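Report on the structure given below.
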Amino acid sequence: MTAQEVRLCGLLLQEHFGEVVERIGTHLLRGGAQNLRTIANETNTPLDLVKKSLCVLVQHGACDFGSGRRGPGSPVEYRASCERVLRVLRYPRYIYTAKTLYGDTGELIVEEVLQRGHMTMSNTVKTVADRLTHNMEEGRSMEYSEVVSAFSKLVETHFLQRCPPVAEMGTAATSTTPATPSTPAAPASTAPPTAEINICYTLACCVCVAGRGKRRRSSDDSEEQRGGKKAKMDSESCGDEGIYWLVNFERFHQHFRDQAIISAVASKLDQTSSEIVRTMLRMSEVTTTQTAAYTQPLSANEIFRSLPPNYSISRPILDQYLSLLVDDPVGADSPPHIPTLTIGRSIAELTLDQATLESVVQERFGSRSARIFRLLLRKRHLEQKQVEDFAMIPAKEAKDMLYTLLSENLVQLQEIPKTPDHAPSRTFYLYTVNQLPTARLLLQHCYKTVANLIERRLFETKENKRLLEKSQRIEAILASLQASGAEPEQLTEVEEMITAPERQQLEALRHHINKLDSTENQVDETVFLLESYIFSTKTK
Amino acid sequence: MAGLGRGRGRGKGYMSFSIEAVGIGKGENLPPSILQPTPLFPPMEHKPVPLVMGEEAEYMLALKQEFRGNMKTLPFYVRQAVSKKDVERYSDKYQNSEPSDNTIEWNPDWKRLPKELRIRVKKPLKENTSLSVDTSVGPKPSKKTRVDKEEIIHKLEVGITLEKKEEEVTSDEEEGEKKKQEEEQQDGEEEYDEEEFEEETDYIMSYFDNGEEFGGDSDDNMDEAIY
């Protein structure tokens, strides 16, 4: 919970949930676990606003609650999770991935669940069907069953998972079965509590599947639907009350990691080898846990059988590719004496992270500094003179670059004494790069960058608030005029209310804001790579 | 530190480690020491890489901006209670004020939250639906206002149901659509309706012109002259 992380979390909360939630959230992030009264007193917020904000935070999974420190009798304490709030930055990427994998329906499902924190399946299906129907042409509407099938596919591939059950406050904490639906019991509720992983991905079988998306066009259509809907509302209990679904971020992250590995192999070797790696990863998608260092071992036969049909390569060529992959550090790995292949995920992480660090140094300090940096990464410890020799850079410039890197903390000095008294004339001074601390440093820089970008964007919006409001009003007037069928002269008259320089200013403003937003998305990609590397070293 | 003191007296360049080892030769010109913090926007020696532009990047940008916009309209966006202005304005009755009371606009699953967080849920005023109000552990004044609201609403409900049915047909498409959307949403926003009910006014909200529709269809209830 570094200062930069808290600052960024605060900005994200402010943008998505408002200033009240931001205040409460940052207070929780800075102060650790606190109970309701403490929060209200220390932030000088009325109790009801605090309650509302906590409800919002818990709904979205950013905050957790548990019984207090002094045992079951003490007031409930709330803990905010910095990591979860930072995920908000990655929401567009999740939605886009869902779109590429499962089409528009999948995209809307993931978007709805992200917007609401967690939802029941029936609600999601209804809302998504309505939205899709709204965008379709006249006369067509979206069947619930299509949405349900997309939803089930998302659950089967673990992109959506069930909310874990909430332990009751004050009662014995042994009841861990999820809240059972009213009448037809889902089979999952009878599963033993130890099989939580299985419960996570089991669909409730009694969702109201019948129905179509509602169109909200003509008013008489809405009248009869309202009547029909009323009847349905009264009789439906949509038996999956209490079973909430949320987005499984870890699964998306695994997908992103796999994609990074595949594209790295594609750029280093060629397209076919990347296809082979993709097949191997797909085969081990649901069999290996996400934090495993290596995927399930696969034999060459299995790979051959699972290759996509349009990639018809013959067996000997496949063997050649496989041996090529084994040689490459990012590619596959083959345990000795066992004719199988695994993909070393943690090694891949390491290599990807090294590539990230190298490219950062290259962009900030030039290609020669990057050469020195890469040298130090590969050779670990080098003396000043050795650096100059290996990098083939004249001494003076090499010195300069090394000191710049040293002052930025990307390179460290390691002392190795020759004598026990550490006399400076008899000590080796070696330059080295410690990959993990450097990665952490760059990650904090990235958080700071994103926070700065958001602040700049807010500043730009605030500066030009008057202009933006004016343009919004003019657009509203134009829209209403067009809807009531006005003549072109009136329209042009209204359009001319914005002068040309103002228009230019607006254009420039929009361009800047789009650029800032887009930059945030791209910095987040780097953040993801660094975070996953740091996380993989932590769990080793 | 004594060594440094002596060193300073002798002249610059005496450090605790041998500087030849790290490569500074004897008598070489070192860059001058910096006596102030680095500038806020230091000059960049290398231009940054241009942004990735492409269909994917643009789509994600659009997704992001849309998501932000949507979040602002959802009830999860908690707004501070509006402080009462000193003088009551005539237009207050007709303008949407932010919710200033201690209710929550959406209906969370209270079983998943600790009991102390429970607040009264703002009643979604759907016609013909029974008003279900959650009892709250909130402070006492809320009960009075709740009772007042309930009475007024009960009184008006009968009269208003007819009015609303008419209004549904006559109001223009967009507003009807918007209301349907509001009704269908789980969150049931009802500021629009509540304004009408509570203020016991015969004036239908849609006819109030607060200047947004420039020269529009406001040919009724016009007190002011049009220039």
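Residue numbers start from 1 in every chain, and the chains themselves are labelled A, B, ... in the order their sequence lines are given, proteins ahead of strands. Values in this document were obtained by computation on a predicted structure and should not be read as measured data.
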Which residue pairs satisfy the ring pair (Phe, Tyr, Trp, His ring centres under 6.0 Å) criterion with at least one member in residues 48-72 of chain B, sequence neighbours excluded? A:His16-B:Phe67, A:Tyr91-B:Phe67, A:Tyr96-B:Tyr59
Under 4.5 Å from any heavy atom of chain B - which part of A:Gln14: backbone
B:Val78 and A:Glu19: CA distance, side-chain angles, deciding distance, side-chain contact (heavy atoms from CB on, under 4.5 Å) verdict: CA-CA 8 Å; B:Val78 176; A:Glu19 292 191 357; over 6 Å; no
Okay, A:Arg37 and chain B: the region with an atom under 4.5 Å from a heavy atom over there is neither
Separation of B:Tyr77 OH from A:Phe17 CZ (nearest 0.5 Å): 10.5 Å
Which atom names give the shortest non-hydrogen contact between A:Phe65 and B:Leu113, and what distance separates them? CZ-CA, 4.0 Å
Below 4.5 Å, heavy atoms only, C-beta onward: do A:Arg364 and B:Met44 meet side chain to side chain? no
Highest number of heavy-atom pairs under 4.5 Å with chain B among A:Ala395, A:Gly18, A:Pro46 belongs to A:Gly18
Contacting region of A:Phe428 [heavy-atom separation from chain B under 4.5 Å]: neither
Examine whether an atom of A:Arg90 lies under 4.5 Å from a heavy atom of chain B, and if so say whether it belongs to the side chain, the backbone or both; otherwise answer neither. neither
B:Trp106 versus A:Cys55, closest heavy-atom pair with distance: CH2-O, 3.7 Å
Between B:Leu117 and A:Val50, is the side-chain contact (heavy atoms from CB on, under 4.5 Å) condition met? List the steps. CA-CA 9 Å; B:Leu117 286 187; A:Val50 178; over 6 Å; no
If you count heavy-atom pairs within less than 4.5 Å of chain B, which of A:Asn521, A:Leu57, A:Thr127 leads? A:Asn521
If we only count heavy atoms from C-beta on, is the B:Glu116 to A:Asn35 side-chain gap below 4.5 Å? no
Which of A:Arg457, A:Arg93, A:His422, A:Glu111 touches chain B most, by non-hydrogen pairs under 4.5 Å: A:Arg457
Among pairs that include at least one residue of residues 38-56 of chain B, which meet side-chain hydrogen bond (donor to acceptor under 3.5 Å, both in side chains), considering only residues two or more places apart or in two chains? none
Got a second to check how far A:Gln115's CD is from B:Leu74's CG, nearest 0.5 Å? 5.0 Å
Kindly indicate, with the supporting measurements, whether the criterion side-chain contact (heavy atoms from CB on, under 4.5 Å) is fulfilled by A:Val76 and B:Lys115. CA-CA 9 Å; A:Val76 178; B:Lys115 289 195 181 59; over 6 Å; no
Quick one: which of B:Met60, B:Met71, B:Arg112 has the most heavy-atom pairs under 4.5 Å with chain A, could you say? B:Arg112
With rounding to the nearest 0.5 angstrom, report the NZ to CG distance, B:Lys64 to A:Asp517. 5.0 Å
Considering all heavy atoms of both residues, which atom of A:Gln522 and which atom of B:Val52 are nearest to each other, and what is their separation? NE2-O, 3.0 Å
Side chain, backbone, both or neither: which part of A:Leu114 has a heavy atom under 4.5 Å from chain B? both
Quick check for you: among A:Ala398, A:Ala423, A:Ser518, A:Gly366, which has the greatest number of heavy-atom pairs under 4.5 Å with chain B? A:Gly366
If we ignore angles and hydrogens, is there a donor and acceptor under 3.5 Å between the side chains of B:Asp109 and A:Gln59? no
Using non-hydrogen atoms and a 4.5 Å limit, figure out which bit of A:Lys99 sits close to chain B: side chain, backbone, both or neither. side chain
Going by heavy atoms in the side chains, are A:Val20 and B:Arg79 under 4.5 Å from each other? no
Any idea which of A:Thr519, A:Val58, A:Asn514, A:Val21 has the most non-hydrogen atom pairs under 4.5 angstrom with chain B? A:Asn514
